[in-house]
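Just so it is clear, the values below take in all heavy atoms, side chains as well, and ignore hydrogens, waters and symmetry mates.
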Amino acid sequence: MNALRLRRAAVAVAAAVALPFSLAACSDSGSDTASEAGSEASSSSPRENAPSTGTDMAADSPFGPACASVPKDGAGSFDGMAKDPVATAASNNPALSTLVAAVKQAGLVDTLNTAQNITVFAPTNDAFAKIPKADLDKVLADKEQLTKILTYHVVGQKLTPEQLEDGSFETLQKGTLTTKGADEAYTVNDSSKVVCGNVPTANATVYIVDTVLMPK
């Protein structure tokens with residue numbers, strides 16, 4: 001009887017001694033898990049986890065399908081063109097080589113490069129290709145007529161896309177051109193589409209168009 005009581009007492013004492021150690025171990029394990037979870041949470045920034053809304057994009061950036069063909073870097077890129085006056089900037093864009101040749105032929109390089117705060121509607125090579133070769137050669141050979149056509153593509157103020165929504169503007173040629181559109185889809189004189197718009201240069205804003213504009 002005494003031996004049985006002693007055995008039960010020993011078991012109770014052993015249990016009492018072991019219990020604090022097991023509780024401490026569980027507490028340490030839970031603490032480690034919580035610490036690791038907190039560490040993982042703090043290592044993931046809210047910006048990384050948040051979905052992109054696109055609101056960080058600049059509202060005044062170039063737009064249009066032809067913008068994709070503009071070089072990503074170098075003098076012909078958007079950043080490169082922004083550093084040069086407009087005639088020089090256009091000369092670094094391969095899609096505007098015919099326009100640049102015409103500007104040189106008319107002697108308008110310095111005029112465009114030294115003008116301040118202008119807008120240039122710049123026809124692409126494909127735009128010039130729409131003109132029958134014989135007619136284009138005739139215009140290129142007639143400096144006075146060529147000058148009239150080229151200066152008709154220039155407005156004496158910088159135009160924003162919002163101003164193109166329903167606009168009428170006097171050109172350097174003293175004629176008038178009209179613009180319509182919205183949501184990055186604009187036309188000039190109801191026929192020429194803006195294919196890459198709002199391109200900045202050092203002294204001008206450029207809207208690249210798919211059809212040569214003719215003075216009215």
Side-chain angles (χ1 to χ4, degrees), residues 62-67 69-70 81 85-201 203-216:
F63 62 84
C67 292
S69 63
V70 174
M81 292 177 70
V86 64
T88 302
S91 70
N92 293 320
N93 188 326
L96 301 177
S97 59
T98 304
L99 172 63
V100 171
V103 168
K104 290 179 179 178
Q105 183 75 11
L108 293 174
V109 172
D110 289 341
T111 299
L112 294 178
N113 275 350
T114 57
Q116 294 300 314
N117 298 321
I118 60 175
T119 294
V120 176
F121 293 91
T124 63
N125 295 344
D126 290 340
F128 280 100
K130 293 179 181 180
I131 303 173
K133 187 177 184 307
D135 293 341
L136 180 59
D137 289 343
K138 184 177 180 180
V139 170
L140 292 174
D142 186 339
K143 185 175 180 178
E144 182 178 354
Q145 181 65 17
L146 180 60
T147 299
K148 288 181 180 180
I149 293 174
L150 293 176
T151 53
Y152 182 68
H153 289 74
V154 184
V155 173
Q157 60 178 307
K158 283 189 175 182
L159 301 177
T160 65
E162 289 76 15
Q163 289 175 286
L164 300 188
E165 291 179 0
D166 186 14
S168 178
F169 309 101
E170 183 180 1
T171 70
L172 295 191
Q173 181 266 339
K174 301 304 181 183
T176 300
L177 58 77
T178 59
T179 59
K180 293 180 181 180
D183 298 328
E184 301 184 355
Y186 300 96
T187 58
V188 185
N189 288 352
D190 295 320
S191 60
S192 187
K193 295 180 180 180
V194 174
V195 294
C196 183
N198 210 29
V199 179
T201 72
N203 67 324
T205 299
V206 176
Y207 291 89
I208 300 175
V209 295
D210 69 352
T211 303
V212 176
L213 306 173
M214 292 298 179
K216 297 179 179 180

Measure the spacing between [atom1] of [X] and [atom2] of [Y] and express it to the nearest 0.5 Å.
{"X": "L172", "Y": "T111", "atom1": "CG", "atom2": "OG1", "result": "9.0 Å"}
{"X": "L112", "Y": "N203", "atom1": "CG", "atom2": "CG", "result": "8.0 Å"}
{"X": "S91", "Y": "L96", "atom1": "OG", "atom2": "CG", "result": "9.5 Å"}

| query | Is the number of heavy atoms from other residues, nucleotides or ligands within 6.0 Å of CG (D110) greater than 12? | reply |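 No, CG of D110 has 12 or fewer neighbouring heavy atoms, counting only those of other groups under 6.0 Å.
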
| message | A quick test of your reading: do over 12 heavy atoms of other residues, nucleotides or ligands sit less than 6.0 Å from NZ of K104? | response |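 Not more than 12 within 6.0 Å, no.
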
Listing request: all ring-ring contact (aromatic ring centres under 6.0 Å, His included) pairs with a residue in [range], at least two apart in sequence or in separate chains.
{"range": "residues 163-183", "answer": "none"}
{"range": "residues 111-133", "answer": "F121-Y207"}
{"range": "residues 89-120", "answer": "none"}

What heavy-atom pair brings [X] and [Y] nearest, and what distance separates the two atoms?
{"X": "A87", "Y": "V109", "answer": "CB-O, 4.0 Å"}
{"X": "L136", "Y": "I131", "answer": "N-CG2, 3.8 Å"}
{"X": "F63", "Y": "P161", "answer": "CE2-CG, 3.8 Å"}
{"X": "L159", "Y": "T119", "answer": "N-OG1, 2.8 Å"}
{"X": "P94", "Y": "N125", "answer": "O-ND2, 3.0 Å"}
{"X": "P200", "Y": "N198", "answer": "CD-O, 3.4 Å"}

Going by side-chain contact (heavy atoms from CB on, under 4.5 Å), name the residues that satisfy it together with [X], two or more places apart in sequence or in a different chain.
{"X": "N117", "answer": "K158"}
{"X": "D126", "answer": "T124"}
{"X": "Q105", "answer": "L146"}

Side-chain donor/acceptor pairs under 3.5 Å, residues 147-156, sequence neighbours excluded:
from, atom 1, to, atom 2, distance (Å)
T147, OG1, K143, O, 2.8
T151, OG1, T147, O, 2.7
T151, OG1, K148, O, 3.3
Y152, OH, T176, O, 2.8
Y152, OH, N189, ND2, 3.0
H153, ND1, I149, O, 2.7
H153, NE2, L213, N, 2.9

Hey, does [Y] have a side-chain heavy atom less than 4.5 Å from the side chain of [X]?
{"X": "V209", "Y": "T211", "value": "no"}
{"X": "Q163", "Y": "T160", "value": "yes"}
{"X": "V212", "Y": "K130", "value": "no"}

| Do any pairs count as a disulfide (SG to SG under 2.5 Å) and have a residue in residues 98-198, sequence neighbours left out, and if so which ones? |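 Sorted pair list: C67-C196.
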
| Residue list, salt bridge (charged side-chain N to carboxylate O under 4.0 Å, His left out) with D190, at least two apart or on another chain |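 With sequence neighbours excluded, D190 shows a salt bridge (charged side-chain N to carboxylate O under 4.0 Å, His left out) to K180, given in chain and number order.
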
| In chain order, what residues pass the salt bridge (charged side-chain N to carboxylate O under 4.0 Å, His left out) check against D137, with sequence neighbours excluded? |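 K133.
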
| field | Counterpart residues, side chain to side chain donor-acceptor pair (under 3.5 Å), relative to T187 (two or more places apart) | value |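 By the side chain to side chain donor-acceptor pair (under 3.5 Å) rule, T187 matches no residue at all.
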
| field | T88: side chain to side chain donor-acceptor pair (under 3.5 Å) partners, not counting sequence neighbours | value |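 Residues passing side chain to side chain donor-acceptor pair (under 3.5 Å) with T88: N113.
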
